[in-house]
Amino acid sequence: MNFFKLEQPPGVPHIPIKLLKMIGIIGRQKERFRILPLFLVYFFIIALPKSCLGYPSFELAIIGIAELFFQTNTFCGIFLLFINGYKLEHFIKRARTFSQKVLSESSPAIVQHLTTQHEFIHKVTRIFFIVVLYAANFYVFAPILSTLYTLYRTAKSSNETIYYTLHMEENFYGLATRTSGADYLLFGAIMTPTSYLCAFAGTVKILTVCNCIIYCTLYFQLIQVKLQTVAQDNTFREELKTIVMLHQEALNCARFLESITSLVLLQQLLLCVLIWCSMLLYFTVSGFNVSFMNLFVLFVFDTTETLAYCYLGEQLSNESANVARVVYERNWEMQTPAIQRDLKLVLVRAQVPVGITAGKFCFMNMEQFGIILKTTYSIFVVLREQF
């Protein structure tokens, strides 16, 4: 498929760029309206029914609230990326500039590292996109198959009321979606494309944030490789200015990334706790059924997303700090005074913490992931005792 074609230059997140253009977050001004249907669907089909129209039972209310938290995290994250669309475009321009400098001014070993990592990132991104698509198929067709099985099982019992399995738990504008076949078909016709749209929006969000983090991490790795190559060839005099410029460009990309993702990750941190608590509460009060499986799919997706942000954020911080370590290990104090001054500049810049933050309150790393788990468990224990 041309959509998954490996494109040039390497070092740029091409698949997320295509996805962002597809829904109007970046691109020409007249194409920005594409984001509007996304939010109309979220507000009128998901948020309004789930938050205002009530639920027939406590168990179904837990499912509906958990789904509301999950979809709010997805669509509001997309909205925050849309607000920062111009910053995203600027970040992409800087990424292209950095990659072109590396390709034009670096040794074959560095270019090979960039190309190899770019191919690997592209492959993983493509696999994730396909996996989410298959997971969305399960989320869409499992309720339909469950309903067909219910119809088959109760076909011989005319006195038994049939309860249909919904794609999402909500009272949909007065329709008897749980007991009326006609209303259920109408609801299913609406929710089937909505479910795919939700999966698509979530995929755009996580691929955009993760790819940007991964490529920023790669930029700092390339600077380390270049420093090692220059030290081996003893070409500091010729290459040092290029290294200083590339390091500054990588730091600028990281700062842009942090400003773009700060509010997105703050929302992720807060809603992740609510999503986990509500889903764990449902898992403890319900039996194994289709709703359980659908909610478990959402649970796995949200856990994977949060873990990815924390793990990749820690990798970014580590690779940025490793630039200082590489400089220190290359006997910078043995160089000429002019070279030492430039290397000191790289050292000082590399010692400033770099990473992605949740609203500038805390860095997203594996330690923070552990804190999220502990907080979630504490709240879940309190909720379980109450219910």
Side-chain angles (χ1 to χ4, degrees), residues 1-27 31 34-35 37-38 41-42 70-71 73-82 85 88-89 91-92 95-96 99 115-142 167 191-218 257 260-261 264-265 268 272 293-294 296-313 315 356:
M1 294 176 62
N2 289 332
F3 185 85
F4 292 119
K5 181 182 177 181
L6 185 64
E7 297 186 9
Q8 300 296 328
V12 181
H14 293 292
I15 291 180
I17 289 172
K18 293 177 182 178
L19 294 173
L20 291 170
K21 288 181 178 179
M22 190 179 298
I23 61 175
I25 292 179
I26 62 174
E31 295 176 347
R34 293 177 181 175
I35 201 74
L38 199 71
V41 168
Y42 165 70
F70 182 87
Q71 302 301 349
N73 184 35
T74 296
F75 285 92
C76 289
I78 289 292
F79 179 68
L80 291 173
L81 291 177
F82 176 75
L88 266 170
E89 290 182 337
F91 172 84
I92 293 168
R96 285 199 174 97
S99 300
T115 304
T116 302
Q117 291 300 312
H118 176 71
E119 292 175 354
F120 176 74
I121 296 168
H122 181 87
K123 181 179 179 180
V124 173
T125 301
R126 182 178 58 193
I127 292 173
F128 181 83
F129 189 93
I130 295 172
V131 168
V132 172
L133 178 62
Y134 279 103
N137 287 330
F138 173 82
Y139 194 84
V140 168
F141 291 110
H167 292 81
M191 295 309 299
T192 295
T194 299
S195 298
Y196 283 116
L197 185 64
C198 293
F200 179 75
T203 304
V204 173
K205 175 193 168 189
I206 189 172
L207 287 184
T208 298
V209 176
C210 288
N211 268 252
C212 290
I213 299 171
I214 292 171
Y215 277 105
C216 273
T217 304
L218 176 60
L257 175 62
I260 292 167
T261 61
V264 176
L265 295 177
Q268 179 74 28
C272 179
M293 292 187 291
N294 280 353
F296 185 75
V297 170
L298 300 184
F299 180 83
V300 171
F301 185 90
D302 185 72
T303 303
T304 302
E305 182 180 9
T306 305
L307 178 62
Y309 295 153
C310 292
Y311 175 77
L312 295 176
Q315 291 295 108
I356 53 173

Check: residues 296-303 side-chain donor-acceptor pairs under 3.5 Å, at least two apart:
{"residue": "Asp302", "atom": "OD2", "partner": "Trp276", "partner atom": "NE1", "Å": "3.3"}
{"residue": "Thr303", "atom": "OG1", "partner": "Trp276", "partner atom": "NE1", "Å": "3.1"}
{"residue": "Thr303", "atom": "OG1", "partner": "Phe299", "partner atom": "O", "Å": "2.8"}

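Thr194 places a side-chain heavy atom less than 4.5 Å from the side chain of Met191. By the 4.5 Å heavy-atom criterion applied to side chains, Thr192 and Phe141 are not counted as neighbours. In this structure, Phe129 and Leu19 have side chains that are in contact, with non-hydrogen atoms separated by less than 4.5 Å. Here the side chains of Leu88 and Thr208 are in contact, with some heavy-atom distance below 4.5 Å. Between Cys198 and Tyr42, the closest side-chain pair of non-hydrogen atoms is not below 4.5 Å. Side-chain atoms of Leu257 and Phe91, non-hydrogen and from C-beta on, do get closer than 4.5 Å to each other.
Nearest approach of Val12 to Ser99, heavy atoms of both residues: CG2-OG, 4.1 Å. Taking both residues in full, the closest heavy atoms of Gly85 and Ile26 are given as O-CG2, 3.7 Å, listed atom of the first, atom of the second, then distance. Considering all non-hydrogen atoms of both residues, Ile15 and Arg126 come closest at CD1-N, 4.3 Å. Nearest heavy-atom pair, Gly24 versus Phe82, reported as atom, atom and distance to 0.1 Å: O-CE1, 3.7 Å. Of all the heavy atoms in Ile213 and Gly313, the pair that sits closest is CG2-N, 4.2 Å.
Note that the CD atom of Glu89 and the CD1 atom of Ile17 stand 10.0 Å from one another [nearest 0.5 Å]. In this structure, NZ in Lys205 is found 8.0 Å from CG in Leu81, a value given to the nearest 0.5 Å. Rounding to the nearest 0.5 angstrom, the gap separating the CD1 atom in Ile92 from the NE2 atom in His14 is 10.0 Å. One distance of note links OG1 of Thr115 with NE2 of His118; it measures 8.0 Å at 0.5 Å rounding. Here the CG atom belonging to Leu312 is positioned 9.5 Å from the CG atom belonging to Asn211, to the nearest 0.5 angstrom. Distance check: Glu305 CD to Leu207 CG gives 10.0 Å after rounding to the nearest 0.5 Å.
Applying the side chain to side chain contact (heavy atoms under 4.5 Å, CB included) criterion to Ile23, with sequence neighbours excluded, gives Ile25, Ile35, Ile78, Phe200, Val204.
Surrounding CZ of Phe79 are at most 12 heavy atoms belonging to other residues, nucleotides or ligands under 6.0 Å away. With a 6.0 Å radius and a threshold of 12 heavy atoms from other residues, nucleotides or ligands, Phe128 has its CZ atom above the threshold.
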